[in-house]
Structures are given as C-alpha cells and as structure tokens.
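Since the structure is predicted, the reported quantities are computational estimates derived from the model, not experimental observations. All heavy atoms count here, side chains included; hydrogens, waters and symmetry mates do not. The chain is numbered in sequence order, starting from 1.
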Amino acid sequence: MTRIRRHPVLTGVALVLLVVMTLVGASAITVWRAAHTDDASRVERADVIIVLGAAQYNGTPSPVFQGRLDHAVLLFQQHRADRVMVVGGKAPGDSTTEAQAGRDYLVSQGIPAASALAEPVGRTTYESLVAAARYMRQHGMKSAFLVSDPWHNARIKRMASDLGIEGYASATWTSAATSEETRSTGYVRETLAYLYYRIFHR
C-alpha cells in the first residue's frame, strides 16, 4: 500500500496498460475464433450472399477479390441463397466500382444476371454494409452470408448485427492472402480494427 501511495502515476499507468493488454488479447481471441468458424457449416440458407469488395483494376477483380467472388459462386451453386450482392464503391481515378466489377465477374462465372446485385456505395466496410442493410430492408431481406477474408469475420459480423442483419460469415481461404506473413498481418490489423469498432462503432 505504501508503494502504491508513493507512486500513484506509475500505478495508474500500469493499470491502463493492463486494461489495454486485456482488451487487445480478448479481441485477438475473438478474431482468431471467428476466422476459423464457417457459419455455412451450420446454416443452410440465407436471403442473400454479400461479398465485401476489394481492389479491382479497370473492372478486373484483384486476386483477393476474385477469391471472395469465387467463394460466393460456390455458395450460390450450393443453393445457399437466391441472390448475390457485391458491395463497394470506387477510389479516385477508378473507371468503375468494386461492386460493378464484382457483379460482372459473377455473371461471367454463370450467376444469372437477375441474381447478381451491385451496391456501389462506400469506401469502408461499414459504409458498404450500411448500404447493404438499407437495400435489404427495402426488399424484405433479413439474413445474409457474409463473404470476405477469414480475419474479417468477427468485425463484419458485429457490424452486420448492429445494422440489423442476421449475418453468417463464410470466408474464403483461397484468395491471394495465403502466406503466413500475409495472414499474420491480417490478424494483427483486424484485431486492432475490431477493437476500434467496438469502442467507436465506426
């Protein structure tokens, strides 16, 4: 007790560090567990499959984006949903949006044009999911398979839930992000992103 009274600043700093480490650790566990859980293994169907956008080059999906789209095609072929929605806007200088590039790719892979949707809104995951949630409400949809990379699962499921979507994560492990270094970076980044979202809700 004497040492605590003599060093209140050091004690306060130690407590803050302990809280931060606990929060980061808990977030890391949540992200890792979500990444290794495929909700499609327990959920048969949803109203729609939502593909989170990624980089595209003049309408051609990047390898990471293509991996997500191919997984959505697989889910569609398994009759998990009747529609696939690709979300994502465009960066300055882009000739098209992530959503449109993704939709075009889906159609080229055999998804009927009437079943392939593009919601070209948002430059962040949250903005894109806000647009998706709005579309779903307008069309009487409630549930969705969420397709991205595994380390995104925890954050996109939390966002979807906050936006009123019954979200089921089904990630792809076949994108270009397959090296241990890339995956480790993804887990670290998403641990911090998940914690940031839980605190600031954006």
Side-chain angles (χ1 to χ4, degrees), residues 4 7 9-43 46 49-55 61-72 74-75 80 85-89 91 98 102 122-133 143-202:
I4 292 177
H7 303 286
V9 174
L10 291 179
T11 301
V13 171
L15 289 174
V16 169
L17 289 175
L18 179 61
V19 170
V20 170
M21 290 175 62
T22 300
L23 290 174
V24 171
S27 295
I29 292 172
T30 298
V31 168
W32 190 89
R33 285 179 174 173
H36 292 80
T37 301
D38 184 358
D39 290 334
S41 65
R42 62 179 181 83
V43 178
I49 300 164
I50 298 176
V51 185
L52 279 297
S62 64
V64 169
F65 195 10
Q66 183 178 329
R68 299 178 187 180
L69 294 165
D70 287 340
H71 188 68
L74 176 62
L75 291 174
R80 299 305 189 98
M85 178 193 302
V86 188
V87 298
E98 295 171 0
R123 287 299 304 151
T124 67
T125 300
Y126 185 75
E127 290 174 353
S128 294
L129 285 175
V130 167
S143 60
F145 283 113
L146 308 171
V147 179
S148 187
D149 293 317
W151 37 86
H152 296 162
N153 284 356
R155 185 161 59 101
I156 61 177
K157 283 188 68 174
R158 173 64 62 172
M159 288 179 174
S161 177
D162 290 345
L163 293 168
I165 300 173
E166 296 175 18
Y168 306 111
S170 184
T172 174
W173 288 94
T174 59
S175 71
T178 55
S179 70
E180 288 300 321
E181 181 179 357
T182 302
R183 289 183 176 181
S184 296
T185 300
Y187 282 121
V188 172
R189 183 179 63 249
E190 277 302 309
T191 293
L192 299 177
Y194 176 78
L195 181 58
Y196 180 88
Y197 176 75
R198 291 301 308 273
I199 295 173
F200 299 104
H201 297 286
R202 59 190 177 90

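The salt bridge (Lys or Arg N to Asp or Glu O under 4.0 Å) check on Arg33 picks up nothing, with sequence neighbours excluded. With sequence neighbours excluded, no residue forms a side-chain contact (heavy atoms from CB on, under 4.5 Å) with Val188.
Judged by distance alone, with hydrogens and angles left aside, the side-chain atoms of Ser161 form no donor-acceptor pair with the main-chain N or O of Lys157 at under 3.5 Å. Of the possible donor and acceptor atoms, none in the side chain of His71 sits under 3.5 Å from a partner among the backbone N and O of Gly67. Glu190 places no side-chain N or O within donor-acceptor distance of the main-chain N or O of Gly186, the cut-off being under 3.5 Å.
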May I have the step-by-step check of side-chain contact (heavy atoms from CB on, under 4.5 Å) for Tyr196 and Leu192, ending in yes or no? CA-CA 6 Å; Tyr196 180 88; Leu192 299 177; over 6 Å; no
side-chain hydrogen bond (donor to acceptor under 3.5 Å, both in side chains) assessment of Ser170 paired with Asp38: CA-CA 5 Å; Ser170 184; Asp38 184 358; 2.9 Å; yes
With side-chain contact (heavy atoms from CB on, under 4.5 Å) as the test, would you mind laying out the steps for Val87 and Leu129 before giving the verdict? CA-CA 8 Å; Val87 298; Leu129 285 175; 5.5 Å; no
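In terms of heavy atoms, Asn153 sits closest to Ala35 at ND2-CA, 3.9 Å. Summarising the geometry of Arg68 relative to Leu52, their closest heavy-atom pair is NH1-O, 2.9 Å, with the distance given to 0.1 Å. Between Gly53 and Phe65, the shortest heavy-atom contact is CA-CE1, 3.8 Å. When all heavy atoms of Ala46 and Ser143 are compared, the pair lying nearest together is CA-OG, 3.4 Å. In this structure, Gly167 and Ala160 approach most closely via the heavy-atom pair CA-CB, 4.4 Å. A pairwise comparison of heavy atoms in Pro61 and Leu69 identifies CG-CD1, 3.8 Å as the closest pair.
Considering CD1 of Ile50 and CZ of Phe145, their distance stands at 11.5 Å, rounded to 0.5 Å. Remark: Ile156 CD1 to Leu163 CG distance equals 12.0 Å, nearest 0.5 Å. Taking CD1 of Ile199 as the start and OG of Ser27 as the end, the distance is 7.5 Å to the nearest 0.5 Å. Taking OG1 of Thr37 as the reference point, atom CH2 of Trp32 lies at 8.5 Å (rounded to 0.5 Å). One distance of note links OH of Tyr194 with NE2 of His152; it measures 14.5 Å at 0.5 Å rounding. Within the model, atoms CG of Leu195 and CZ of Arg155 stand 12.0 Å from one another, a figure rounded to the nearest 0.5 Å.
Of the listed residues (Leu74, Leu75, Val43), just one forms a side-chain contact (heavy atoms from CB on, under 4.5 Å) with Arg80, and that residue is Leu75.
In this structure, the side chains of Met159 and Thr125 come closer than 4.5 Å at one or more pairs of heavy atoms.
Between Trp173 and Trp151, the ring-plane angle classifies as perpendicular under the 30° and 60° cut-offs.
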